[in-house]
Amino acid sequence: AVPGRLANQGQGKRAVAQPLAASAVTEAAPPAPVVAPPARPVDTPRRRGGRGGGGELVAWKSIRQERWEGALEVDGELPLWLDGTYLRNGPGLWNLGDYGFRHLFDGYATLVRISFRRGRATGAHRQIESEAYKAARARGRPLLREFSHCPAPANLLDRLGNLVGLVTGAALTDNPNSAVLPLGDGRVMCLTETTKSSVLIDPDTLETLERFRYTDRLGGMVQSAHPIVTESEFLTLLPDLARPGHLVVRMEAGSNERKAIGRVDCRGGPAPGWVHSFPITEHYVVVPEMPLRYCAKNLLRAEPTPLYKFEWHLESGSYMHVMCKASGKIVASVEVPPFVTFHFINAYEETDEEGRVTAIIADCCEHNANTAILDKLRLHNLRSSAGQDVLPDARVGRLRIPLDGSPFGELETALDPEEHGRGMDMCSINPAHVGREYRYAYACGARRPCNFPNTLTKVDLVEKTAKNWHEEGSVPSEPFFVPRPGAVEEDDGVAISMVSAKDGSGYALVLDGKTFEEVARAKFPYGLPYGLHCCWVPRNRNSK
Ligand SMILES: CC1=C(/C=C/C(C)=C/C=C/C(C)=C/C=C/C=C(C)/C=C/C=O)C(C)(C)CCC1
Ligand SMILES: [Fe+2]
């Protein structure tokens with residue numbers, strides 16, 4: 001990375017890369033070449049966004065420039081073994097001219113990169129050039145259906161067009177603002193829940209390369225936002241809204257062709273449960289079916305409903321299904337107490353003394369079977385309720401799915417939620433433990449009063465305790481665990497989180513995986529909006 005490169009700044013020679021004026025984005029020329037490096041990457045902190053203007057935190061303000069890259073100032077000592085690139089994806093742009101999105105999840109995808117090498121750090125951000133984003137920039141308003149946004153039909157013809165667009169998928173967004181993951185073959189994918197949102201990006205330049213085209217005929221307009229990717233495969237779920245169920249699919253590393261492993265028929269409700277993520281174990285894929293279900297009717301509406309494209313069907317029951325990865329056979333399908341989760345933490349196989357698998361344990365960030373969190377994540381709420389204790393409670397929910405044919409599973413709280421302030425979401429674990437027994441999870445928790453998760457927490461599921469990091473007024477994003485190469489202990493590594501601070505600044509925080517103490521922070525010269533999910537690309541998988 002070239003130090004201090006600034007792009008799409010408009011005319012100013014030393015324009016500040018800060019998330020303030022939404023109009024700066026719409027006024028910006030189409031993706032400009034990266035301009036010559038200024039002596040200093042950006043202006044001084046005097047110009048930082050902070051709580052200026054509407055008294056809002058920088059976390060909930062749109063990013064201003066298309067892109068920036070430069071050297072980062074480091075406080076503390078970055079471990080010399082930390083050699084690679086941290087990438088974060090998320091909805092960083094909610095405003096276009098006079099238009100403002102309503103919900104956190106609507107925003108256009110902004111990628112953030114921090115590359116670590118020999119104790120130094122360089123950083124960058126860049127907008128993902130989805131068709132939805134380009135069209136919205138050209139027209140000054142969104143044209144496609146986002147998480148909550150539904151473009152209003154102007155007339156009957158529009159209405160008909162909308163209907164056709166929904167049947168064909170053309171009306172749905174391709175804005176890939178949720179996850180970023182390195183595929184087994186070295187390509188890096190960003191995506192959200194519409195199948196057409198899968199896109200390949202360059203982890204060095206953050207350039208949008210091309211849409212990821214699935215070459216199979218499996219179809220499906222929606223997918224899980226969190227495929228499970230290993231060096232050899234990519235596993236995901238394709239919800240079937242017409243015949244309620246899920247197709248469990250596998251794609252080999254290096255291929256663009258998904259192949260069906262099997263199908264799970266839903267047990268209850270008029271539609272499949274919303275599957276934002278799902279867990280796997282060594283031999284099984286776990287398919288959740290919660291009472292919060294997709295709703296085709298809501299998809300067609302011109303106005304958002306209280307639960308957006310979803311509906312709450314408590315009467316339909318909640319279920320967990322387990323499919324054998326090798327055969328596609330369903331080995332368990334049990335009813336469980338109602339639950340609401342977006343992010344599974346991990347799952348593993350429980351065995352008896354003879355080594356026989358007796359049950360599947362699946363842990364998730366569970367919102368006490370309450371969908372209220374979705375409403376709290378409306379931007380107006382986030383911007384207006386800072387300091388109020390309105391964040392709904394969440395916990396580590398532990399589901400136990402017996403494999404002995406019994407019809408019921410269990411759901412319990414894995415540790416006292418007071419340990420993490422009754423906030424729990426945006427989690428990561430040591431990747432070597434995915435699908436296997438594990439002890440530690442890193443996530444965002446809460447220090448009350450708060451309206452959004454405002455701590456980083458390391459949860460010990462054996463001792464049933466948590467260690468918490470907090471800085472008043474800061475909004476940290478998902479702490480992503482990076483193991484130290486050669487490490488033996490599960491928590492030997494660091495957790496990296498991007499923090500949007502109260503004073504409008506932004507930095508990558510590196511916490512020791514064991515002690516959860518701060519090791520270093522790499523400071524951006526401007527504040528960044530909140531972001532969702534991250535990944536780590538080690539140097540040897542990187543081109544430079
Ligand atoms: C646009 C359409 C859809 C899109 C769905 C999307 C973009 C879903 C994204 C969901 C995310 C980012 C969920 C994250 C949850 C995080 C939480 C609860 C964090 C809590 C913190 O405490 C469909 C709905 C797929 C339908 C088609 C149209
Ligand atoms: Fe997610």
Side-chain angles (χ1 to χ4, degrees), residues 59 88-91 101 103-109 130 132 142 144-151 165-166 169-181 190-197 220-227 237-239 241 271-272 274-278 292-301 304-305 307-311 340-345 364-368 370-378 382 390-395 420-428 443-446 450-455 457 475-478 530-535:
R88 189 191 76 176
N89 191 5
F101 275 130
H103 200 280
L104 177 66
F105 300 158
D106 287 335
Y108 292 112
S130 62
L144 296 174
R145 278 174 187 248
E146 300 293 339
F147 174 80
S148 90
H149 174 79
C150 316
L166 278 171
L172 301 181
T173 191
D174 68 340
N175 170 25
N177 67 5
S178 293
V180 50
L181 10 114
C190 294
L191 73 161
T192 190
E193 296 194 16
T194 54
T195 308
K196 71 194 231 205
S197 70
M221 283 187 288
V222 286
Q223 60 185 359
S224 161
H226 293 282
L237 301 186
L238 305 181
L241 272 54
W274 181 10
V275 179
H276 179 72
S277 74
F278 65 97
L292 182 60
R293 294 173 183 272
Y294 295 92
C295 175
K297 203 169 66 217
N298 288 354
L299 253 176
L300 295 170
R301 289 191 204 268
T305 73
L307 289 174
Y308 309 99
K309 318 283 195 276
F310 308 94
E311 238 173 19
V340 166
T341 190
F342 306 96
H343 297 115
F344 276 87
I345 301 171
C364 62
C365 304
E366 206 278 312
H367 292 259
N368 291 352
N370 182 349
T371 59
I373 182 72
L374 287 175
D375 186 58
K376 299 294 176 207
L377 300 183
R378 275 196 291 133
L382 293 169
V390 292
L391 178 74
D393 291 358
R395 58 173 173 163
H420 46 80
R422 290 173 281 116
M424 177 52 53
D425 218 302
M426 312 307 285
C427 48
S428 77
C444 293
C450 62
N451 68 341
F452 191 79
N454 59 354
T455 68
T457 185
V475 184
S477 62
E478 177 178 272
Y530 179 73
L532 294 172
H533 298 292
C534 330
C535 72

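Throughout, numbering of the chain's residues begins at 1 and tracks the sequence. Both ligands and their constituent atoms are indexed starting at 1 by order of listing.
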Asks: Under the 3.5 angstrom rule, does the side chain of Asn368 hit a backbone N or O of Asn370 as a donor-acceptor pair?
Replies: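 Not confirmed, Asn368 side chain does not pair with Asn370 backbone.
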Asks: What's the separation between atom CG in Leu391 and atom CD1 in Ile373, rounded to the nearest 0.5 Å?
Replies: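 Interatomic distance, Leu391 CG to Ile373 CD1, rounded to 0.5 Å: 5.0 Å.
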Asks: Give the atom numbers and elements of ligand 1 that come within less than 4.0 Å of a heavy atom of Thr173.
Replies: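 Atoms satisfying the 4.0 Å criterion: 1 (C).
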Asks: Measure from the Fe ion (ligand 2) to every N/O/S atom of His343 and report the name of the nearest one.
Replies: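 When I compare the N, O and S atoms of His343, NE2 is nearest to the Fe ion (ligand 2).
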Asks: Less than 4.5 Å apart, side chain to side chain, heavy atoms only: is that true for Pro227 and Leu191?
Replies: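 A side-chain contact exists here, since the closest heavy-atom pair is under 4.5 Å.
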Asks: Using non-hydrogen atoms of the residue, decide whether His343 is closer than 4.0 angstrom to ligand 1.
Replies: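 Contact present.
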Asks: Could you work out, with ring-ring contact (aromatic ring centres under 6.0 Å, His included) as the rule, every residue matching His420, not counting sequence neighbours?
Replies: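 For His420 there are no ring-ring contact (aromatic ring centres under 6.0 Å, His included) partners, ignoring immediate neighbours.
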Asks: Among all protein heavy atoms, pick out the one at the shortest distance from atom 15 (C) of ligand 1; state its residue, atom name and that distance to 0.1 Å.
Replies: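 Protein heavy atom with the smallest distance to atom 15 (C) of ligand 1: Phe105 CZ, 3.2 Å.
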Asks: Among protein heavy atoms, which sits nearest to atom 26 (C) of ligand 1, and what does the distance come to when rounded to 0.1 Å?
Replies: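 Among all protein heavy atoms, the one nearest atom 26 (C) of ligand 1 is Leu299 CD2, 3.9 Å.
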Asks: How does Phe310 reach ligand 1, if at all, at less than 4.0 Å between non-hydrogen atoms: by side chain, backbone, both, or neither?
Replies: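 Only the side chain of Phe310 comes within reach of ligand 1.
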Asks: Compare all side-chain heavy atoms of Thr194 with those of Asn175 and state whether any distance is below 4.5 angstrom.
Replies: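 No. Closest side-chain heavy atoms not under 4.5 Å.
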Asks: Should the pair Arg88-Glu478 be classified as a salt bridge under the 4.0 Å nitrogen-to-oxygen rule?
Replies: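 Judged by the 4.0 Å cut-off on N to carboxylate O distance, Arg88 and Glu478 do not form a salt bridge.
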Asks: Using a strict cut-off of 4.0 Å, indicate which atoms of ligand 1 neighbour a heavy atom of Val222.
Replies: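 Matching atoms, with element in brackets: 25 (C).
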Asks: Between Tyr294 and Pro239, what is the shortest heavy-atom contact and its length?
Replies: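 What the structure gives for the nearest pair is OH-CG, 3.4 Å.
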Asks: If the cut-off is 4.0 Å to any non-hydrogen atom of Glu193, which atoms of ligand 1 fall inside it?
Replies: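 Per the distance check, 5 (C), 8 (C), 9 (C), 10 (C), 25 (C).
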Asks: Under 4.0 angstrom from ligand 1, any heavy atom of Pro453?
Replies: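 Yes, Pro453 has a heavy atom closer than 4.0 Å to ligand 1.
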Asks: Taking the minimum heavy-atom distance to atom 19 (C) of ligand 1, which of Asp425, Thr192, Thr195, Asn298 ranks first?
Replies: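 Residue with the shortest heavy-atom distance to the ligand atom: Asp425.
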Asks: Can you sort out the partners of Glu366 under salt bridge (Lys or Arg N to Asp or Glu O under 4.0 Å), two or more places apart, ordered by chain and number?
Replies: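 For Glu366 the salt bridge (Lys or Arg N to Asp or Glu O under 4.0 Å) partners, ignoring immediate neighbours, are Arg395.
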Asks: Below a 4.0 angstrom heavy-atom separation, can you tell me which part of Arg145, side chain or backbone, both or neither, approaches ligand 1?
Replies: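 It is the backbone that gets close, since no side chain atom is under 4.0 Å.
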Asks: Determine whether Asp174 and Ser197 satisfy the following criterion, side-chain hydrogen bond (donor to acceptor under 3.5 Å, both in side chains), listing intermediate values before the conclusion.
Replies: CA-CA 4 Å; Asp174 68 340; Ser197 70; over 6 Å; no
Asks: Considering all heavy atoms of both residues, which atom of Arg145 and which atom of Pro151 are nearest to each other, and what is their separation?
Replies: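 Reported closest heavy-atom pair: CG-CD, 3.7 Å.
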Asks: Can you tell me the protein heavy atom closest to atom 6 (C) of ligand 1 and the distance?
Replies: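 The answer is Phe147 CD1, 3.6 Å.
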Asks: What atoms of ligand 1 come within less than 4.0 Å of a heavy atom belonging to Glu146?
Replies: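 The atoms of ligand 1 under 4.0 Å from a heavy atom of Glu146 are 1 (C).
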Asks: From the N, O or S atoms in His276, identify the one nearest to the Fe ion (ligand 2).
Replies: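 The closest N, O or S atom of His276 to the Fe ion (ligand 2) is NE2.
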Asks: So which of His276, Lys309, His149, Met221 gets nearest to atom 10 (C) of ligand 1, if we judge by its closest heavy atom?
Replies: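 That would be His276.
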Asks: Under 4.0 Å from a heavy atom of Ser178: give me the atoms of ligand 1 that qualify, with their elements.
Replies: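 This gives 12 (C) as the contact atoms.
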Asks: For His103 and Tyr308, which heavy atoms make the closest approach, and how far apart are they?
Replies: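 Heavy atoms of His103 and Tyr308 come nearest at CD2-OH, 3.3 Å.
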Asks: Check each of Phe342, Phe101, Phe105 against Phe147 using the ring-ring contact (aromatic ring centres under 6.0 Å, His included) test, and report the only one that passes.
Replies: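 So the option named by the test is Phe105.
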Asks: How far is atom 18 (C) of ligand 1 from its nearest protein heavy atom, and which residue and atom is that?
Replies: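 Among all protein heavy atoms, the one nearest atom 18 (C) of ligand 1 is Phe342 CD1, 3.2 Å.
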Asks: Can His367 and Asp425 be said to form a side-chain hydrogen bond (donor to acceptor under 3.5 Å, both in side chains), step by step?
Replies: CA-CA 9 Å; His367 292 259; Asp425 218 302; 2.6 Å; yes
Asks: So which heavy atom in the protein is nearest atom 3 (C) of ligand 1, and how far is it from that ligand atom?
Replies: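 Sorting protein heavy atoms by distance from atom 3 (C) of ligand 1 puts Thr194 CG2, 4.4 Å first.
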Asks: How wide is the angle at the Fe ion (ligand 2) spanned by His533 NE2 and His226 NE2, rounded to 10 degrees?
Replies: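 Answer comes to 90°, rounded to 10°.
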Asks: In terms of atom number and element, which parts of ligand 1 are under 4.0 angstrom from non-hydrogen atoms of Leu172?
Replies: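 Under 4.0 Å from Leu172, ligand 1 has these atoms: 27 (C), 28 (C).
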Asks: With a cut-off of 4.0 Å, which atoms of ligand 1 are near a heavy atom of Leu532?
Replies: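 This gives 12 (C) as the contact atoms.
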